[in-house]
**Q** 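Dropping the structure in here first, questions after.
Just so we're on the same page: letters track the sequence lines, and every chain starts at 1.
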Number of protein chains: 2
Amino acid sequence: MTGHSKPDVREDAQGSAARERFALLYGTLRNRISLLDYPPGTKLSEEALAAEFGISRTPLRRVLGWLESEGLLKSVQGVGTIVTDVDIEALAQVYHLRMELAELLGKLEPVSPDAETIALFRDLQESGSDLVNNPDPRRFAQLNMDFFHVLMRLCGNEPLREISERLYYQTARIWLKSISHMDMAEEAAIFSREITEVLAAVDIGDIEAVGHMRRAHISMSFKRLRNYYAGT
Amino acid sequence: MTGHSKPDVREDAQGSAARERFALLYGTLRNRISLLDYPPGTKLSEEALAAEFGISRTPLRRVLGWLESEGLLKSVQGVGTIVTDVDIEALAQVYHLRMELAELLGKLEPVSPDAETIALFRDLQESGSDLVNNPDPRRFAQLNMDFFHVLMRLCGNEPLREISERLYYQTARIWLKSISHMDMAEEAAIFSREITEVLAAVDIGDIEAVGHMRRAHISMSFKRLRNYYAGT
DNA sequence: TCGCGTGATGTTGTGTACATCAAGACAAAA
DNA sequence: TTTTGTCTTGATGTACACAACATCACGCGA
């Protein structure tokens with residue numbers, strides 16, 4: 001463990017009531033942003049959010065501050081708290097980096113999957129098959145996010161986990177925004193195949209292979225995204 | 001540019017007075033933590049800090065929140081705001097990751113150095129020579145930090161820059177804390193050589209070589225640190 | 001009709017008082 | 001002497017009122 005503990009939703013580190021409330025708010029808002037409940041450019045109202053969660057602006061502002069430090073929000077006085085957007089060029093840089101980090105998954109302290117992790121992958125595989133039959137953007141995004149989090153169980157390097165997560169959430173919503181306008185059926189099929197292939201690698205405990213596979217899929221995913229934007 | 005602009009000290013992005021004040025506070029406190037003015041374990045008082053800077057706790061708390069999100073602080077109710085510390089194992093993970101990221105410097109959008117950058121490297125080389133003759137922990141730390149920031153000018157991938165900086169500041173103070181008890185003269189000599197070698201690579205525009213060199217030095221630096229801790 | 005100033009309005013930023021919590025001091029009982 | 005309960009103290013967490021700021025609509029004048 002590094003010195004600081006992210007108040008993440010996953011790790012329900014027993015904290016004070018304040019810390020738990022913070023984690024809940026943080027996870028909720030991050031999900032809303034990632035799942036495009038708040039599309040890029042949306043102006044959030046601190047007062048409205050505070051009212052919704054039954055708290056005052058002060059603790060809410062702490063949450064917004066963290067989301068701002070992760071690049072998902074930007075507060076500017078007199079204007080509002082705005083959900084950020086990224087252009088295709090910045091996206092390219094993030095994707096390049098994510099490709100490299102994916103490969104590092106298998107190189108820096110990989111952890112051999114336990115029974116629970118493998119079971120989670122099998123669940124994902126099944127959900128992936130369902131998705132192919134019933135394509136739905138939001139379910140697609142949620143599944144993609146779940147897949148990412150299960151993958152992170154294979155990463156024993158905590159700083160790498162943190163950074164990968166940070167970058168993932170910076171790109172996830174852009175990916176979702178674009179994917180809605182692309183060939184959902186094809187994308188779902190590709191994603192389903194990715195899960196299957198990763199599961200195969202996980203089954204024999206070859207984490208490095210998982211990393212290479214991830215890298216390949218991130219690369220191809222970005223290429224398809226780029227082609228889409230080139231056509232618009 | 002990615003979607004969010006870090007209120008960093010270097011990039012004096014013209015913002016409102018509030019944003020500038022924030023950047024100033026952020027840089028000041030980060031430096032104090034990194035240079036061990038506030039050693040790990042120190043309990044900071046929000047009220048005292050607010051008084052020192054002539055502001056109230058509220059804007060200060062925003063700064064502390066960012067530093068907490070970067071892993072340099074941890075606020076806990078009823079106790080205080082504490083400067084974090086890391087154990088040698090967590091440090092190992094960060095160093096492993098930093099090694100890989102250093103190599104990425106030359107692979108992901110490297111920028112060929114302009115005249116100003118080269119001049120900065122030459123200044124650093126000179127300062128490095130001075131340091132060898134007059135070893136001083138604090139000056140060493142400051143120079144190391146300057147060196148890092150100049151190196152980042154060679155990195156055209158902004159997410160990589162951000163992450164590298166984040167990880168650098170997580171390790172810099174631990175490094176400084178240890179280096180004070182080690183052979184300062186030898187460490188300064190090694191550092192001076194590193195600058196010289198990097199300058200040579202920069203002079204002929206081989207950024208990839210810079211990356212490999214950095215990786216090697218980060219690796220060796222950690223090995224020496226580990227040896228030191230093994231002896232205690 | 002166009003340009004410009006001006007005020008209304010809504011937003012985030014800041015200051016301040018109070019609530020909540022944890023740690024140490026201290027005394028009483030076993 | 002040790003243990004335990006309570007109280008004091010000082011820290012961060014929270015709520016709320018107000019200041020500073022940007023935007024837009026409106027109206028005045030050229």
**Q** What is the distance, to the nearest angstrom, from the CG atom on Leu64(A) to the P atom on dT14(D)?
**A** 13 Å

**Q** I want to confirm an ordering. Mapping Thr81(B) and Gly78(A) to their closest nucleotides on DNA chain D, which one lands closer to the 5' end?
**A** Thr81(B)

**Q** In whole Å, I'd like the distance from the CZ atom of Arg21(B) to the C1' atom of dG13(C).
**A** 9 Å

**Q** Indicate whether any N or O donor in one side chain lies under 3.5 Å from an N or O acceptor in the other, for Tyr229(B) and Ser178(B).
**A** yes

**Q** Would Arg138(B) and Asp37(B) satisfy salt bridge (Lys or Arg N to Asp or Glu O under 4.0 Å), going step by step from the backbone distance to the final call?
**A** CA-CA 10 Å; Arg138(B) 195 187 176 86; Asp37(B) 293 332; 2.9 Å; yes

**Q** For Ser75(A), enumerate each residue passing the side-chain hydrogen bond (donor to acceptor under 3.5 Å, both in side chains) test, keeping only those at least two apart in sequence or located in another chain.
**A** Thr81(A)

**Q** What nucleic acid atoms does Leu44(A) come within less than 4.0 Å of, heavy atoms only: base, sugar-phosphate, or nothing?
**A** sugar-phosphate

**Q** Are the aromatic rings of Phe22(A) and Trp66(A) close, with centres under 6.0 Å apart?
**A** yes

**Q** How many whole angstroms separate atom CZ of Phe22(A) from atom P of dG13(D)?
**A** 10 Å

**Q** Regarding Arg62(A) and Glu68(A), does a basic nitrogen lie under 4.0 Å from an acidic carboxylate oxygen?
**A** no

**Q** Over how many whole Å does the gap from Lys74(B) atom NZ to dG13(D) atom P extend?
**A** 10 Å

**Q** Grab the CZ-P distance between Arg61(A) and dT14(C) for me, whole Å please.
**A** 8 Å

**Q** Without decimals, in angstroms, what is the distance between Ile55(A) CD1 and dA19(C) C1'?
**A** 15 Å

**Q** Please test Arg214(B) against Glu103(B) for salt bridge (Lys or Arg N to Asp or Glu O under 4.0 Å), starting from the C-alpha separation and ending with a verdict.
**A** CA-CA 7 Å; Arg214(B) 264 303 268 180; Glu103(B) 207 174 326; over 6 Å; no

**Q** Between the protein and nucleotides 16-19 of chain D, which nitrogen or oxygen pairs are less than 3.5 angstrom apart?
**A**
{"unit_1": "dC16(D)", "atom_1": "N4", "unit_2": "Thr58(A)", "atom_2": "OG1", "d": "3.3"}

**Q** Of Gly80(B) and Val79(A), whose closest DNA chain D nucleotide lies nearer the 5' terminus?
**A** Gly80(B)

**Q** Taking OP1 and OP2 of dT12(C), is either one under 4.0 Å from a side-chain nitrogen or oxygen of Ser75(A)?
**A** no

**Q** Expressed as a whole number of angstroms, how long is the span from Glu47(B):CD to dT9(D):P?
**A** 16 Å

**Q** If you check every side-chain atom of Glu46(B), which of dG13(D), dT14(D), dT11(C) has the closest atom?
**A** dG13(D)

**Q** Flag the pair Trp175(A) / Phe140(A) as yes when their ring centroid distance falls below 6.0 Å, and as no otherwise.
**A** yes

**Q** For Arg62(A), report the nucleic acid contact type (base, sugar-phosphate, nothing); a contact means any heavy atom under 4.0 Å.
**A** sugar-phosphate

**Q** Can you tell me the distance, in whole Å, between the CZ atom of Phe53(A) and the P atom of dT14(D)?
**A** 14 Å

